[in-house]
Amino acid sequence: MTNVLVCIKRVPDVSGEVLLTEDGMSVDARHVGFTVSPHEECAVELATQVADATGGSATVLTLGPSDGVEQLRSALAVGCSSGVLVEADTDRFGPADVAAAIADVVRAREAAGDSVDLVLLGNDAADTGDFQVPVRLAYALDRPVLTNISSCEVDADRVIARGDGPDGTEIFEVPLPAVVAVLEGGVTPRYPSITGRMKAKKAPIDIQTPTVEPRGSGRVRLRVPPPRSGTVEVLGQGADAAPAVVDLLVKIGVVSA
Amino acid sequence: MIIVLVEANADGLTLFSREALTFARALGDRAGHAVQAVVFDEPTDAIRQQLGEQGVALAHHPDDPRLSDYAGASWAAAAVDVVRSSAAEIVLASGTPRGNEILAHIAARLDVRMAANVVQVESTDPLVVTRQVVGGAALEDMRLDDPIAVLSVAGHACDPQAASVAMTTEVATVSPTLDERDLVTRVMQVEQTQAEDTSALTGARVVVGAGRGAGGAEGFTDLLELTELLGGALGVSRVVTSLGWRPHSEQVGQTGSRIAPDLYIPCGISGAIQHWAGCQSAKTILAINTDPEAPMVTRAHYAVIGDLHEVVPAINKELRSRRTG
Ligand SMILES: Cc1cc2nc3c(=O)[nH]c(=O)nc-3n(C[C@H](O)[C@H](O)[C@H](O)COP(=O)(O)OP(=O)(O)OC[C@H]3O[C@@H](n4cnc5c(N)ncnc54)[C@H](O)[C@@H]3O)c2cc1C
Ligand SMILES: Nc1ncnc2c1ncn2[C@@H]1O[C@H](COP(=O)(O)O)[C@@H](O)[C@H]1O
């Protein structure tokens, strides 16, 4: 019976140009939707798999604005059974602050008799990409942590995890309770079923206010890098362009004349 | 003092580590700091030579059999020993999976801020660095004003360059203080998995890209032939891996591999920022797309407008005919 807590972050779903707010301190998300990182979608899938395999539970947590309920419901629709919303202004929270707030939630649950055996997170958040919350959370809780993990399973009181290392697939075996940061690629997130969506609507969401006083991230400002200068040279249309393409390949030296 | 944690393979220091050393030297020159290295691998002559070329006079080598199996916590513990004993002001590594992991441990142990994927130094007093966020589609200026600054350098943020004066690198062996608890996360076993090897992709001189425009798992025959004719590697968009047409190890982008080939040929890829994040370091981009307004086309150096299923076979035919000439 492994109780898993999986942490996700609501981020702007930009695919084209990034727009900034007037003060340059955040991404202007007025004209885009919201999503979570693909790494976190895989963490949610693994949380569901571990909960199912061990007869335990999967709880999904986000720290952010109240609209984060949207992302919690998406995770609840694919197998998590309850949600936690830690309502806070993410722009004021650096990775150490987020980790401290999540650690508080874990400690409070454990104090109330609900063990949190495994915390799963994404390896890096899609917007700030700090690569730190999982490790800092592990230190705050004094638990072992693995990062860059593609898949994991629980065997009794241990988590067995795999990830790609410089010399091949690395295998780890770590005693629970533990913290694991997940990368996209090892599992395929499932699509929500109709019953999943129905359940998600009714699933309980515990709304909390963090008690940590944030130190902040050190952000001075955001900027958008200048676009590549120069215009595109169109070599032609359709199959007729093939000779011009091969001429170019020769010119830049990837094909010998 | 700037401490750089370097990674090595059979050929010596990795390209990313040499980039990080060059970045550190430029920062050191501006801020008045010397650069020293921490080498976990056996400091071979090749490694010492490369460190010397980078102007490193002293390399610390934590020597303990318990470090032979990687664990982020134990390697960080050893690095923190060096940071403390050498009174370093800045700790830096390349933003590789291990680099970012060890640095996060170090930052947590020292209770200081860390900046991931730094591309530039804005100012040195106070230290303000510019780093990639939103997968590189935006930059963040971040202040690192703790007593010790921890930062990772984004891959390809600079080209590795030899120092004007080469050094003879002295290696100081250190015995780290390790706690049993730092060893529980060590690698237990390594499996060789050829199919999942991404180094062919990240190191390729030519990458042929394929996106939704490929049309299906069976739509890759011509693209694979082009890849082979050019002696390159295939890279794909996330749509392609999510639909199960190709394995994730081939994905290029924010949540896939970062590539920096001489030539990238994205075929049927729209050029979403998360994909661009992974291919923007390509020297030349030749986009093949039916849509002349696709971001990948407007940002490319060269483009062919048309159906990849017509254009790619025509290129293959032209390549074959010139080859047999
Ligand atoms: C946090 C996050 C991380 C992400 N990470 C990644 C990542 O690592 N890598 C990645 O790729 N994406 C990533 N994405 C997804 C990304 O936003 C895009 O959805 C994806 O890159 C689009 O893939 P595509 O270009 O193949 O498909 P589409 O956007 O659908 O584009 C298809 C293109 O093919 C062209 N086309 C169609 N048919 C043909 C034809 N017959 N011949 C020629 N051209 C044709 C169309 O004109 C179009 O331009 C991420 C998204 C998020 C939110
Ligand atoms: N505000 C947040 N709420 C919940 N989880 C978060 C939050 N920020 C970061 N995380 C988790 O920590 C991972 C790494 O984030 P980061 O260290 O910010 O790159 C993310 O993929 C999430 O799983």
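Here is the naming used below: chain letters follow the sequence lines, and residue numbers restart at 1 for every chain. Owing to the predicted nature of the structure, the values given are computational and were not obtained by experimental measurement.
- In this structure, no portion of B:E7 lies under 4.5 Å from any heavy atom of chain A.
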Test side-chain hydrogen bond (donor to acceptor under 3.5 Å, both in side chains) on A:T62 and A:Q71 and set out the steps.
CA-CA 8 Å; A:T62 191; A:Q71 280 62 46; over 6 Å; no
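- Looking at A:P95, there are no atoms closer than 4.5 Å to chain B (heavy atoms on both sides), in backbone or side chain.
- The most heavy-atom pairs under 4.5 Å with chain B, out of A:D124, A:V11, A:N148, A:V254, come from A:N148.
- Residue pairs meeting the salt bridge (Lys or Arg N to Asp or Glu O under 4.0 Å) criterion with at least one member in residues 273-300 of chain B, sequence neighbours excluded: B:D262-B:K283.
- Note on B:N316, B:T14, B:D111, B:D69: by heavy-atom pairs under 4.5 Å with chain A, the leading option is B:D111.
- Neither the backbone nor the side chain of B:A71 comes within less than 4.5 Å of any heavy atom of chain A.
- Only the backbone of B:R186 comes within less than 4.5 Å of a heavy atom in chain A; its side chain stays farther off.
- Using a 4.5 Å cut-off between heavy atoms, B:V128 touches chain A through its side chain atoms alone.
- Of the two parts of A:A96, neither the backbone nor the side chain holds a non-hydrogen atom closer than 4.5 Å to a non-hydrogen atom of chain B.
- The candidate with the highest count of non-hydrogen atom pairs below 4.5 Å against chain A, out of B:E191, B:M142, B:E310, is B:E191.
- In terms of non-hydrogen atom pairs under 4.5 Å with chain B, the most contact-rich of A:G16, A:G129, A:P175, A:S217 is A:S217.
- With a 4.5 angstrom heavy-atom cutoff, B:P295 does not touch chain A via any of its atoms.
- Heavy atoms from other residues, nucleotides or ligands lying under 6.0 Å from CZ of B:R181 number 12 at most.
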Please step through side-chain contact (heavy atoms from CB on, under 4.5 Å) for the pair A:T128 and A:F93, ending with a clear verdict.
CA-CA 11 Å; A:T128 51; A:F93 277 60; over 6 Å; no
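- Residues of residues 20-38 of chain A placed with any heavy atom under 4.5 Å of a heavy atom in chain B are listed by number as A:V27, A:S37, A:P38.
- In summary, the side chains of A:T48 and A:R190 do not present any donor paired with an acceptor at a separation below 3.5 Å, with no hydrogens or angles considered.
- Using a 4.5 Å cut-off between heavy atoms, A:S256 does not touch chain B at all.
- The main-chain N or O of A:G216 is found under 3.5 Å from a side-chain atom of A:D97 such that the two form a donor-acceptor pair.
- Using a 4.0 Å cut-off between charged side-chain N and carboxylate O, B:D182 and B:R109 make a salt bridge.
- Per-residue counts of heavy-atom pairs under 4.5 Å with chain A were compared for B:I305, B:I273, B:D141; the largest is that of B:D141.
- No side-chain heavy atom of B:P261 sits under 4.5 Å from any side-chain heavy atom of B:V206.
- For the set B:A137, B:S152, B:G306, the count of heavy-atom pairs under 4.5 angstrom toward chain A peaks at B:A137.
- Heavy atoms of A:D130 lying under 4.5 Å from chain B belong to its backbone as well as its side chain.
- Looking only at heavy-atom pairs under 4.5 Å with chain A, the residue among B:T185, B:V133, B:L308, B:T290 that has the most is B:T185.
- Under the 3.5 Å distance criterion, the side-chain polar atoms of A:E184 are left unmatched by any main-chain donor or acceptor of B:G256.
- The aromatic rings of B:Y70 and B:W75 lie perpendicular to each other, with more than 60° between the two planes, well past the 30° mark.
- In terms of modelled atom types and a separation under 3.5 Å, the side chain of B:Q132 and the main chain of B:V119 share no donor-acceptor contact.
- A:K251 has no carboxylate O lying under 4.0 Å from a charged side-chain N of A:E233, or vice versa, which leaves the two without a salt bridge.
- Contacts of A:V245 with chain B are made by side-chain atoms alone, with heavy-atom separations under 4.5 Å and no backbone atom involved.
- Between the A:E40 side chain and the A:K9 main chain, a donor and an acceptor come within less than 3.5 Å of each other.
- Of the atoms belonging to A:V246, heavy atoms from both backbone and side chain fall under 4.5 Å from chain B.
- Heavy atoms closer than 4.5 Å to chain A are found in both the backbone and the side chain of B:I315.
- Both the backbone and the side chain of B:V184 come within less than 4.5 Å of a heavy atom of chain A.
- Your options are B:E122, B:Q274, B:E140, B:Q251, and the one with the most heavy-atom pairs under 4.5 Å with chain A is B:E140.
- Judged purely by atom type and a 3.5 angstrom limit, A:H39 has no side-chain atom pairing as donor or acceptor with the backbone of A:A125.
- The list of ring-ring contact (aromatic ring centres under 6.0 Å, His included) pairs with a residue in residues 129-173 of chain A, not counting sequence neighbours, reads A:Y139-B:H105.
- Residues satisfying the salt bridge (Lys or Arg N to Asp or Glu O under 4.0 Å) criterion with B:E318, sequence neighbours excluded, are B:R322.
- Comparing A:D167, A:L249, A:D127 by how many heavy-atom pairs each has under 4.5 Å with chain B, the most go to A:D127.
- Contacts between B:V129 and chain A at a heavy-atom distance below 4.5 Å are absent for every atom of the residue.
- In this structure, chain B has a heavy atom under 4.5 Å from the side chain of A:D142, while its backbone stays farther away.
- Residue contact with chain A, scored on non-hydrogen atoms closer than 4.5 Å, is absent for B:T241.
- A donor-acceptor pair is defined here as one N or O able to donate and one able to accept, closer than 3.5 Å; such a pair exists between the side chain of B:H301 and the backbone of B:I285.
- Listed options A:G165, A:P166, A:A241 were ranked by heavy-atom pairs under 4.5 angstrom with chain B; first place goes to A:P166.
- Residue A:L183 does not touch chain B at all, counting heavy-atom pairs closer than 4.5 Å.
- Classification of A:E213 and A:R92 as a salt-bridged pair holds, one side-chain N sitting under 4.0 Å from a carboxylate O.
- Interface residue A:V255: only side-chain heavy atoms are found under 4.5 Å from chain B.
- Heavy atoms of B:D307 lying under 4.5 Å from chain A are absent altogether.
- Judged by distance alone, with hydrogens and angles left aside, the side-chain atoms of A:S15 form no donor-acceptor pair with the main-chain N or O of B:A272 at under 3.5 Å.
- Between the B:R131 side chain and the B:A116 main chain, a donor and an acceptor come within less than 3.5 Å of each other.
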The test is side-chain contact (heavy atoms from CB on, under 4.5 Å); show your working for B:M114 and B:N100 and say whether it passes.
CA-CA 10 Å; B:M114 160 179 164; B:N100 279 326; 3.8 Å; yes
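- The parts of A:R215 that come within reach of chain B are both its backbone and its side chain, each placing non-hydrogen atoms under 4.5 angstrom from that chain.
- In terms of non-hydrogen atom pairs under 4.5 Å with chain B, the most contact-rich of A:V224, A:T188, A:L146 is A:L146.
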